[in-house]
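Only heavy atoms go into these numbers, but all of them, side chains included; no hydrogens, no water, no symmetry mates. Lettering follows sequence order; numbering is per chain, from 1.
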Amino acid sequence: MTRIRTTPMTKDAYDLFHSGTLAFARAERMGLRIDVTYCLEQQKKLTAKIVHLKDKVTHSKFGQHWKRVYGAKYNFNSDYQIAHLLYDVKKIKPIKKTNGQRGSTDEEALSALGIPELNLVIKVRKLIKVRDTYLGAYVREQVNGVVHPSFNLHLVGTFRSSSDSPNFQNIPKRDEEARRITRSAIFPRKGCQFAGMDFSGIEVCMACIYTEDPQLIQDTTQGDMHRDMAIELYMLDSLDKHHAGEKNLRQGGKNGFVFPEFYGDYYGNCAPNLLKWAAKAYLKDGTPALAHLEKKGLVKLNRAGGVQNSAKFITHVKKIEDYFWNVRYKKYTQWKNRSWKNYQKKGYVDMFTGFRCSGLMNKKEVTNYPFQGTAFHCLLKVFIEVDKLAYSKDWNSFPVFQVHDDMTVDTHPTEFDMVGKEMHRIATEELSQQWTWINIPLKVEMEKGEVDQSLFEKKFYVLP
DNA sequence: GGAACTCGCCAC
DNA sequence: AAACGTGGCGAGTTCC
């Protein structure tokens, strides 16, 4: 939902967004080069693949049934038709429902049915997404081979930013194929290269600063809370995150528990996800993680090695959740309760950066907004300072886009090292000198593209 | 024939 | 007691 609030802001907050708007305007004017020929070629290739896969489905028994039901209206891309075919005609019981209480046809729901044609539907959806949402948008939006994505500061309830035309804040990163195809279309100016900077875990850093929770500060600055929680959740003696089989357990702790819990999720949703991560993992001695959990008495497996009964595991995750919020991060929980009470009394919640969120909010929103907004303001401040330097010092390097906690600069090779050093200095030193409420060190990772190479080639590197 | 809605899916 | 925070966008469908 898009929520727009007109709220009182301090002078500092106003100034930050005023400068931010000017810096974004310059980034937008600069824009990014698109290889249009490449985009059109890739779109053609994707279309060929899509047609091939669609034909395969159409000619299958499944597809013929579908066609009989819909006749001339048969449409491969229609989720309505898929839902009707599966859940009404074939009378399959949906594993989950949509918000509108209809049977879901998302990836999870379709893949759970084990029908090969539905896996092709999923594959086609991904290809269409890459072809139309990304490559299509680049071709449509480019002017003389350059796109000028907009970065908005007036649309988001948390005082973060958004991006459109085209949206440069959701370019595929996780899926390797989608990442390659989309990112290989985007280039710096001719003869130039990308320089990037990324704050590490900045929302958690903001949580440390707001809540002053000593354990959270300890874990964020020195420890590894994802590993610690994985050890608790999966009842391990130790966890080596560099081991191929065990690293998935840490990922499970991180993406299946710690992050969702911070956003307000609960054990009932976390437990099944934790088991999905476990299914991909094994211990150093070769034991599959699920077999390990069975040995610990937390799950019962069926003959195929899948989870048959997870009731004990769910109870276990509930216990860990209780430990997480009421023992380990007790002060964090107390802060959340205080903050919620304060909002109920006053009707707003304030950020260190001078922004005020008001309007009707629930407890999760009240406690998440300050972290989310303030984290973005850190990046925005760095973006503004780098932009200021670029223009006042007459650099041949310019910030061109940002994604909430990371930013990318189109640099001339003779300036690349200098720009990286400046970005690093501003983010890790100058920022906390100007904003004295930042009382823990903020860590960043640096990224480097190659001369005349696309965004796909941008990789982490260590500052010389 | 366009506006509004739903669903699915990409990012942090 | 209930149970995931913030966005943009494309396609299909339904409403008017």
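Backbone-only contact: A:Ile171 has heavy atoms under 4.0 Å from sugar-phosphate atoms and none from a base. Contacts of A:Ser165 with the nucleic acid, taken as non-hydrogen atoms under 4.0 Å apart, involve only primed sugar atoms and P, OP1 or OP2. Using a 4.0 Å heavy-atom criterion, one finds that A:Thr367 contacts no nucleic acid atom at all. Across all strands shown, A:Glu203 has no heavy atoms under 4.0 Å from either base or sugar-phosphate atoms. Residue A:Gly268 is classed as having no contact, given no heavy-atom separation below 4.0 Å to the nucleic acid. In this structure, A:Asp406 reaches neither bases nor backbone, as no heavy-atom distance under 4.0 Å exists between it and the strands shown. Heavy atoms of A:Arg140 sit under 4.0 angstrom from primed sugar atoms or phosphate atoms, though from no base atom.
Comparing C:dC9, B:dC7, C:dC4 by their closest approach to the side chain of A:Thr98 singles out B:dC7. Checking C:dG12, C:dC4, B:dC12 against the side-chain heavy atoms of A:His404 singles out B:dC12 as nearest. Checked against B:dC12, B:dG8, C:dG7, the side chain of A:Asp106 finds its nearest nucleotide in B:dG8. Nearest to the side chain of A:Val156, among C:dG7, B:dC12, C:dG5, sits C:dG7.
Taking atom C1' in both B:dC9 and C:dC4, the straight-line distance is 16 Å, to the nearest Å.
The phosphate of B:dC10 (OP1 or OP2) has no side-chain N or O of A:Thr133 nearer than 4.0 angstrom. When the side-chain nitrogen and oxygen atoms of A:Tyr369 are compared with OP1 and OP2 of C:dG5, none of them lie within a distance under 4.0 Å. Checking the phosphate oxygens (OP1, OP2) of C:dA11, no side-chain nitrogen or oxygen of A:Ser78 falls inside 4.0 Å. For C:dT6, the OP1/OP2 oxygens have no side-chain nitrogen or oxygen of A:Asn368 closer than 4.0 Å. Distances shown here put a side-chain N or O of A:Ser162 below 4.0 Å from the OP1 or OP2 atom of C:dG8. Phosphate contact (OP1/OP2 of C:dG12, side-chain N/O of A:Asn77, threshold under 4.0 Å): present. In this model, the phosphate group of B:dT6 is not approached by any side-chain N or O of A:Arg102 to a distance below 4.0 Å at OP1 or OP2.
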> Could you walk me through whether A:Lys363 and A:Ser339 pass the side-chain hydrogen bond (donor to acceptor under 3.5 Å, both in side chains) check?
Replying inline: CA-CA 9 Å; A:Lys363 187 176 178 182; A:Ser339 193; over 6 Å; no

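One can place CD of A:Glu176 at 12 Å from P of B:dA11, the figure rounded to the nearest angstrom. Distance, A:Asp132 CG to C:dA11 P: 5 Å, rounded to whole Å. Protein atom CD of A:Gln169 is 19 Å distant from nucleotide atom P of C:dG5, rounded to whole Å.
If you look at A:Phe352 and A:His377, their ring centroids are not closer than 6.0 Å. The six-membered or imidazole ring of A:Phe324 lies near that of A:Phe257, with a centre-to-centre distance under 6.0 Å. Between A:Phe151 and A:Phe401, the ring centre distance reaches or exceeds 6.0 Å.
Relative ring orientation between A:Trp435 and A:Trp437 is described as parallel, the plane-to-plane angle staying below 30° on a 0-90° scale split at 30° and 60°.
Residue side chain A:Arg174 does not reach the base of B:dC10 through any donor-acceptor N/O pair under 3.5 Å, judged by distance alone. On a pure distance criterion of 3.5 Å, no polar donor-acceptor pair joins the side chain of A:Glu365 and the base of C:dG5. With hydrogens and angles ignored, no donor-acceptor pair under 3.5 angstrom links the side chain of A:Lys129 to the base of B:dC10.
There is no side-chain donor-acceptor pair under 3.5 Å between A:Tyr329 and A:Thr211.
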